[in-house]
Each structure stands twice: as C-alpha cells, then as structure tokens.
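Note: hydrogens, waters and symmetry copies are ignored here, and every other heavy atom, side chains too, is used. Quantities reported herein were computed from a predicted structural model and do not represent experimental measurements. We name chains A, B, ... by the order of the sequence lines, and we start the count at 1 in each one.
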There are 2 protein chains.
Amino acid sequence: MVKSDSVTIADVAKRAGVAKSTVSRIINDVPGVKPVTRSKVLQAIEELGFRPNMLARSLKTNMKQQIALAIDDIRNPYYPELAWAVEQVAKENGYRLVLINHYGNAEEELAIIRRMNEMHIDGIIMLSISNPTALKNNINHASVPVCLIGNMGEDVNADMVFLSKTEGLLAMEHLIRIGCSNIAYAGGPKQLHQGTRYEAYDTSLSMNFMKPNSANVYIGTDFSLQTGIQAADYFCSLPELPDGVYAANDMIAIGLIQRLLENKIRVPEDVTVVGVDDISWSTIARPRVSSVSNLTGETGRIAAELLLRRIKEGQTTPLRKVQLEPRLIVRESTVKVTVN
Amino acid sequence: MVKSDSVTIADVAKRAGVAKSTVSRIINDVPGVKPVTRSKVLQAIEELGFRPNMLARSLKTNMKQQIALAIDDIRNPYYPELAWAVEQVAKENGYRLVLINHYGNAEEELAIIRRMNEMHIDGIIMLSISNPTALKNNINHASVPVCLIGNMGEDVNADMVFLSKTEGLLAMEHLIRIGCSNIAYAGGPKQLHQGTRYEAYDTSLSMNFMKPNSANVYIGTDFSLQTGIQAADYFCSLPELPDGVYAANDMIAIGLIQRLLENKIRVPEDVTVVGVDDISWSTIARPRVSSVSNLTGETGRIAAELLLRRIKEGQTTPLRKVQLEPRLIVRESTVKVTVN
DNA sequence: TAATAAAATCGAACCGGTACCATAAAATCT
DNA sequence: AGATTTTATGGTACCGGTTCGATTTTATTA
C-alpha cells in the first residue's frame, strides 16, 4: 500500500544511465542487448523495486492477459468445476480470470457483450445464455473474441464447445434397458436451453415403441431442487406411480429423490431416477444419483483453449466447433436387481 | 470482433467539431457543457459507435474498477457462496471480480501479493492463507489495499473480517446439551487455520468437567470427505463407540456420517454428529447435517464492502476489523429424542 | 588505418484517455 | 455600449509503457 509504486521505467532508465527503450527491451527479453548493459539495468530495477505497469503496457499492446467467464450463477453447482478448469488453463497461459454472473438475465447478458471492450479482457467465454437470438448480432460485432459453451447455431461469429444432445437419450435408454415401463419426466421450462432435454423423453419413448403419457410429464418453473420436490409430489398424486423418472438435471433428481424417500417410496426399488449433469452433489446425496455427465471440466478446458487460441490467431483461422459426447454414470439411484 | 474498435475520443471530437476535452467532459458527466454541445457530441458518439477505452482511462486515473478474490480452490463448496457475495457487492459498485485460485500453495500466495500491481485491480480480498507470517511483510508493502478474511493478527496493514472462534464451542456445547457423554473429534491437521477448531474440543470438555480422551480424537491429513470416512472407520474400531462427534467441518461430517450409515450405525440415534461451515451440501445430504454456520455470504459481503471503502478512502482512515459470530443450525444429524 | 558492416542504444512518437490552464463566448452589471 | 464576471470550450502536458527509425558504438574487412 506504500505509495512508492510510482517507480517507472523512466526512473530505471535514468538510474542505469540508459534510454527507456533499452529498459523496455530488457524487461521484455528482446535479444540484442549487451550483457553489461543488461546487468546494469537489472541492478537498477532491483534497487528501485521497479514493477512494470501493466496498464500502460496493455494500452499500447492491446493485450490484457485477462479473459472473462460469464455464467449465470457461480452458486449453481455446475459452475465451480467449470470455472476452475477455465482458470487453470488461463493461468497456465499467463492469463487471469474475470468472473461474471449474469443470472440468466437477458439484459445483463446483452450488457456484458456490449460493454466487453470496457472490461480489461482479451476474450470472453459465455454460457447459459437465455436469449441467444438477441445476442447473436452483438456477438458478431463484439470487440474481443467470444467462445460460447452450448450450441448457438451457424451464424454466430464465435468458437463453440458443446455436448451432443444425447444426454436425454442416454438417460432414457438406461431407464428402458433397466426395465422401466412407465417412465416420467421432471424438468424446468421447455424453452430454456436445458429445456431441449424434454424432447429426448418423447423421442426415446417412441423409438422404443412406448406410448408417451402426458400425465407423466412435470414441468416446473426452474431447474432447482424445489422443482424436484414438486415433481415428486405430483407423481405421487398420479393414479399410477411411474417406475422410472428421467430428471432434466441432478438438482431436480436430488430434490425428487429426497421427497420420494420422505413419502416412503424406495429409490431405486420402487422408482428409479436418473439425472443429468453429474454435479458433485450427486455423489454426496444418498442414494447416489445416476447421472449423465456433461463433462464439465473438459468443457471448460476446451473452451479456454479455444478462446486463447483465437486470441492468438485473430480472425485468420476458421471458427472451431468442438462437440463432446456425454457419458452415463450409473449409481445407486438406478441400480436395482429386480425388474418389474 | 470487427476491427472497428479503433474509434477514439479524438474521432468523436473531430466529428462533432469540438475538442477532445469537451468529449471527455461529456462522457464523464462533468457539469458545465452547453446542452447543444452535449447533444452534438452524443450524436457523434452514437454515429461512430464510440466506446471509451477503459485501459487508457485507467492509466490516467489509476482506477481499474476491478477487485480480485484469491481463494484456495473455487471447487471447495464454501467458496462459490463467498465469491458470489463478493461479486454482488462489486457489481453494485461498478467493479468486476477477478478470481484467483492459489490452492493453498504458499508460493502462489506470495506471488499473488507481490505481483498484484501487475494485475488490473484496485484491491484484493484474500483468504485461506497457508503461511500468514511469510505474507505479512509483503502485504504491508502491497501496491493496492488488501482485505483479509480470517484473523491475521495486529501487525498487518489490511482490513479484516473474521469469525469469532466460537464455532467449536457452539458445536461442543450443542452435543453436551443434547446429552452426549462420550464425545469425539474428527478433523484435519492441527496447524492449519481450521486446526484451531480442535482446541474447542479440549476446552469445552474441561469447561464441562468431562475428561478428554485422546483415543477419541482423529486427526486426518486434510479436511475432506475422505478424512471423515477414515475417522468413521477409526471410531468404529474403538472399544467404545462415541455417542457424539464434533467434526471440524461439514465435509468431514458428511463423509463420517455416510460411512457410519454404511456400517449400520444410525445417525443421530447411535451417534450424533455436528459439523462446522454450513455448506449447502449439509442440507442435501441425508440426514441433513447440523452445523455451525460461518456466515459465508455475510463474510463475503462485508469483505467486499471493507475493500471498496478502503479503495475510496485510501490510508486516511484507520484499519477496520469486523468480527462475526457463528451460529448453530440444528438439523437431523443431532436431533434425537432419546437421551443416553 | 580507413571504410564498411553489424550490433547496440537513443529519441521521439504513440496508445487513448484525463485534467488543468488559457482563452473565447455568453451573461451580468454600470 | 463597454467593462466585468461567469460559463463553456480549446489546447496540451501527462499517465507509463512500446515501437521503430535514426544514430552511435563496436566489430569486420580491405
């Protein structure tokens, strides 16, 4: 906090009896300085405790060594893992991470894209975008590269990494293979990005010659624990209790399972439950929740790598899209010996 | 990504037929510009799509509108809540958040403090410091204000927010009041900051005229789930199973409980367990874990407020220390009807 | 040793804003 | 209307680095 931070490259230059540019060369390891000069300058730097002002450097070079990650809420258990992976890659490449929560608020999302150049960042990774179409145009005119997590289609000027939309199919397939015959779906609003998970329910049933039953579908207001709890209550109120539930995410699955247990319904014996996301809670909750992993860490790593590469390459190379395949992880919420 | 980002304040000035300084005045809402000039300039800004370059501004003003939060690992369930609270306050005040994981690595911690001025930040909040004494001197010479979470003593030039070290006492008191007579402790290394939680075990027992029994103390290698599992195995191997366990944190408590249940030991009927931290998992795990809340969100909020205030005030005002009181939250892992 | 080539260093413009002083324009007062 | 204040705007140095052409120093060659 000592004010002494005012020692500049000019001070060093004067002290060492050289020009500013020479000092600059040395702190940037530019070849072509006589060893004797170098050591003179290094000594001066040492003596004065000089630390280059990165702002000044950035102003000239236009490299800030920072990238942003815009997510909807770090408290959502999916994100810490993602943020961690991104920060890891960033750090390995000498970048820092700016974390932004947009709370799935379309206005905030827009503001982030529009005001990107006001932030000290070289690029941004964004996900959980609630209103993609509204953002597309702005992304295309963004002042720094954008990397999106989630498939936003073709006409967006951004690298992307996303999962095949097979999570739902994997989950459904698992339930069916296990022997469930009366499968239900519990999810949040269909229009949100996770909403597409609903489609797998219908698709998978028809692909397996099972008749969809709209009474077996519970659509809550969000993708939270609370929705799971409400879904459980709803399913319990049905004339026939489903024997398998495909939950749109693990939070819902966990809430659902807990409520079923409270109602003395056994999981997986009476009802089998599979979730999606494989958040860490799924290993903690009892029974442990079978889940389709969306490869969080992998996704973050790849997004960061794509972004950093884009920052280096600029627009010279074509856009890249990386598609990952989700993976089912079987745990106790679906492991049952008997088949109905 | 369009390169057009080169429109500067000079371009606007030329277009509007005024001086740079006038434009600057307008974008900074400095009073004393004729309305007609203002609108002329605003129009030019609009037409050119001008966005001020914050780097240039920061270089002159030395305000970056960014603060950093250095924690050990965002994946640790305690941190998302904290990071969220900090980001909230930051955002409300027009600041962004830079997130740094130091993994409890003393060298990284030191590097963060020493290279602070190379980051684009106006201040930093730091916690989970593994080697406080090594950092003190560097903190005192830091180039931006530091706010510490955790009590680092007197001779540190930093605002602080920390909890009274009564978590342990609260937890122990609860077990004792509930009727436990053979209480055990499960924790991580005693030298780490959470290690002080052990002391409450001894203290509390003697304060209540109960004899500490060193066989009832399990010290693991860290504060993880794994340690809890190992502790459970250890306690089960004792001639007499404890009737209450005070776990140094919730992760340990959760691991411990799960392993006890696997061993057909009921919680809380056979063994009562209380943790510390009140992480969100404690509400998810079954039975829900009674825990002493360390007021995560509150802590983050206050830290951010202290830091921002310090940034505004500079060194003109005395250091501030805020001490919070932990609070016990009773859940199913300790609610039992019968008393042994 | 002088002429030439290569290497090292200097100097100044520049990045894009801010801030302060000087000046011009408008408003107020005799 | 002319002098005096007040208000609005212009001009420019500055923040602390980088960059690149110009210049000096050193090494090479004749």
May I have the distance from [X] (atom [atom1]) to [N] (atom [atom2]), rounded to whole angstrom?
{"X": "A:Ile26", "N": "D:dG17", "atom1": "CD1", "atom2": "C1'", "value": "15 Å"}
{"X": "A:Arg57", "N": "C:dG17", "atom1": "CZ", "atom2": "C1'", "value": "20 Å"}
{"X": "A:Arg51", "N": "D:dC15", "atom1": "CZ", "atom2": "P", "value": "22 Å"}
{"X": "B:Lys64", "N": "C:dG17", "atom1": "NZ", "atom2": "C1'", "value": "15 Å"}
{"X": "B:Leu55", "N": "D:dT18", "atom1": "CG", "atom2": "P", "value": "14 Å"}
{"X": "A:Ile45", "N": "D:dG17", "atom1": "CD1", "atom2": "P", "value": "10 Å"}
{"X": "A:Asn53", "N": "C:dG16", "atom1": "CG", "atom2": "P", "value": "17 Å"}
{"X": "A:Glu118", "N": "C:dG16", "atom1": "CD", "atom2": "P", "value": "15 Å"}

What's the closest nucleotide to the A:Leu59 side chain, out of D:dG17, C:dC15, C:dA8?
C:dC15
Please enumerate all residues that pass side-chain contact (heavy atoms from CB on, under 4.5 Å) together with [X], with sequence neighbours excluded.
{"X": "B:Glu47", "value": "B:Arg15, B:Gln43"}
{"X": "A:Val322", "value": "A:Val161, A:Ile302, A:Leu306, A:Leu324"}
{"X": "A:Asp222", "value": "A:Ser224, A:Thr227"}
{"X": "B:Asn101", "value": "A:Trp84, A:Glu87, B:Ile71, B:Ile74, B:Tyr103"}

Assign each of A:Arg38 and A:Ala56 the nucleotide of DNA chain C bearing its closest heavy atom; nearer the 5' end lies the nucleotide of A:Arg38
Sub-4.0 Å heavy-atom contacts from residues 9-16 of chain B onto DNA chain C, ordered by number
B:Ile9
Just jot down the salt bridge (charged side-chain N to carboxylate O under 4.0 Å, His left out) partners of [X], sequence neighbours excluded, or say none.
{"X": "A:Arg309", "answer": "A:Glu313"}
{"X": "A:Asp11", "answer": "none"}
{"X": "A:Glu81", "answer": "none"}

Determine to 10° how strongly the helix from C:dT1-D:dA30 to C:dT30-D:dA1 is bent, judged from the axes of its five-pair ends.
50°
Those residues at least two apart in sequence (or on a different chain) that pass side chain to side chain donor-acceptor pair (under 3.5 Å) with B:Thr296 are B:Asn294
Got B:Leu319 and B:Val156 here, is their nearest side-chain heavy-atom distance under 4.5 Å?
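Contact flag for B:Leu319/B:Val156 side chains = no.
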So A:Arg57 and A:Met63, do their side chains get closer than 4.5 Å, heavy atoms only?
no
If you compare every side-chain N and O of A:Thr22 against the phosphate oxygens of C:dC10 (OP1, OP2), does one of them come in below 4.0 Å?
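Checking C:dC10 against A:Thr22, a side-chain N or O does come within under 4.0 Å of OP1 or OP2.
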Distances under 3.5 Å only, N/O to N/O: pair up the protein atoms with those of nucleotides 19-28 of chain D.
none

What side-chain donor-acceptor pairs closer than 3.5 Å can you find for residues 146-155 of chain A, not counting sequence neighbours?
from, atom 1, to, atom 2, distance (Å)
A:Asn151, OD1, A:Gly153, N, 2.9
A:Glu154, OE2, A:Lys321, NZ, 3.2
A:Asp155, OD1, A:Lys136, NZ, 3.2

For B:Val23, report the nucleic acid contact type (base, sugar-phosphate, nothing); a contact means any heavy atom under 4.0 Å.
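No contact.
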Testing A:Gln65, A:Lys64, A:Gln66, A:His120 one by one against B:His120 for a side chain to side chain donor-acceptor pair (under 3.5 Å), which residue passes?
A:His120
